[in-house]
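Note: hydrogens, waters and symmetry copies are ignored here, and every other heavy atom, side chains too, is used. If you're wondering where the values come from, they're calculated on a predicted model, not measured in any experiment.
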Amino acid sequence: MADQPLPDTVQWPVHISTATRLSGLSARMIRHYESLGLLPGIARSESGYRLYDENDIHTLRFIQRGRSLGFGMEQLTELLGLWRDQGRSSAQVRQLAQRHADALAQRIADMQAMQDTLRTLIHACHGDARPECPILDSLADYGANDCRQACGA
């Protein structure tokens with residue numbers, strides 16, 4: 001959606017229902033992003049309905065694409081600021097993206113370690129009628145070890 005050009009047939013400004021269709025975001029999320037200040041200065045009709053112009057839709061698409069890449073709200077705020085700042089250097093954007101990629105790599109490594117541990121525990125569990133379960137034992141021991149360390153025992 002974000003990569004597709006906006007249709008030429010759109011009559012600007014548009015109401016939220018059209019903004020949802022053009023941006024790929026729900027009305028709830030659009031209102032949320034507006035409340036966070038990511039979409040400032042939304043015009044209102046005389047009857048109070050939100051009116052979105054073409055720039056607003058581009059901003060919503062930018063936010064949607066950033067969220068799909070896992071950027072958090074703070075990072076998105078920074079990215080939007082950089083996107084709007086024509087005097088920015090691409091080095092700033094690259095640094096932010098690199099920090100995010102590094103954080104994702106760490107999360108992936110952590111999740112891989114969790115998966116490896118779970119696979120080991122699953123393999124050790126007989127999965128039969130006996131009550132002995134290395135999975136539960138491991139969870140209980142982990143908690144006990146944390147308590148002993150925290151309590152100084």
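- For the pair I30 and S23, the minimum side-chain heavy-atom distance is below 4.5 Å.
- Residue H100 holds its NE2 atom at 9.0 Å from CG of L96, rounded to the nearest 0.5 Å.
- Taking CZ of F62 as the start and CD1 of I57 as the end, the distance is 15.5 Å to the nearest 0.5 Å.
- Heavy atoms of other residues, nucleotides or ligands lying less than 6.0 angstrom from CZ of R44 number more than 12.
- Annotation: side chain to side chain donor-acceptor pair (under 3.5 Å) contacts involving residues 112-125, sequence neighbours excluded, comprise Q112-Q115, Q112-D116.
- Between L25 and T20, the closest side-chain pair of non-hydrogen atoms is not below 4.5 Å.
- Under the 3.5 Å distance criterion, the side-chain polar atoms of R61 are matched with a main-chain donor or acceptor of Q4.
- At most 12 non-hydrogen atoms from other residues, nucleotides or ligands lie less than 6.0 angstrom from CZ of R107.
- Both L38 and V93 belong to a single network of hydrophobic side chains, linked directly or stepwise wherever heavy atoms of I, L, V, M, F, W or Y lie under 4.5 Å apart.
- A continuous path of hydrophobic side-chain contacts links I16 to L6 [ILVMFWY only; heavy atoms under 4.5 Å].
- No continuous path of ILVMFWY side-chain contacts below 4.5 Å connects Y49 to L60, so the two sit in separate hydrophobic clusters.
- For the atom pair CG of D128 and SG of C133, the computed distance is 10.0 Å after rounding to the nearest 0.5 Å.
- Q106 and D110 form a side-chain donor-acceptor contact under 3.5 Å, judged by distance and modelled atom types alone.
- The closest side-chain heavy-atom distance from Q75 to R99 is not below 4.5 Å.
- Interatomic distance, R31 CZ to L36 CG, rounded to the nearest 0.5 Å: 13.5 Å.
- The closest donor-acceptor contact from the side chain of T59 to the backbone of N55 lies under 3.5 Å.
- Panel note: side chain Q95, backbone Q92; no donor-acceptor pair is recorded below 3.5 Å.
- Taking each heavy atom of L121 and P134 in turn, the nearest pair found is CD2-O, 3.8 Å.
- The main-chain N or O of D85 is found under 3.5 Å from a side-chain atom of R88 such that the two form a donor-acceptor pair.
- Note that CZ of R50 and OG of S45 are 11.0 Å apart. Values are rounded to the nearest 0.5 Å.
- Within the 4.5 Å cutoff, the side chain of R65 has no heavy atoms near those of the F71 side chain.
- Residues C125 and L136 fail the side-chain proximity criterion, which asks for heavy atoms closer than 4.5 Å.
- Contact annotation: the side chain of E34 approaches that of Y52 to within less than 4.5 Å [non-hydrogen atoms, C-beta and beyond].
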Worked verdict on H126 versus R130 for side chain to side chain donor-acceptor pair (under 3.5 Å)
CA-CA 8 Å; H126 295 287; R130 292 183 288 180; 3.3 Å; yes
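- The backbone N or O of D53 sits less than 3.5 Å from a side-chain atom of D56, completing a donor-acceptor pair.
- Side-chain contact between I42 and L51: absent, with no pair of heavy atoms (C-beta onward) separated by less than 4.5 Å.
- For the atom pair L69 CG and Q64 CD, the distance stands at 9.5 Å (nearest 0.5 Å).
- Residues R28 and Y33 are not in side-chain contact: their nearest non-hydrogen atoms beyond the backbone lie 4.5 Å or more apart.
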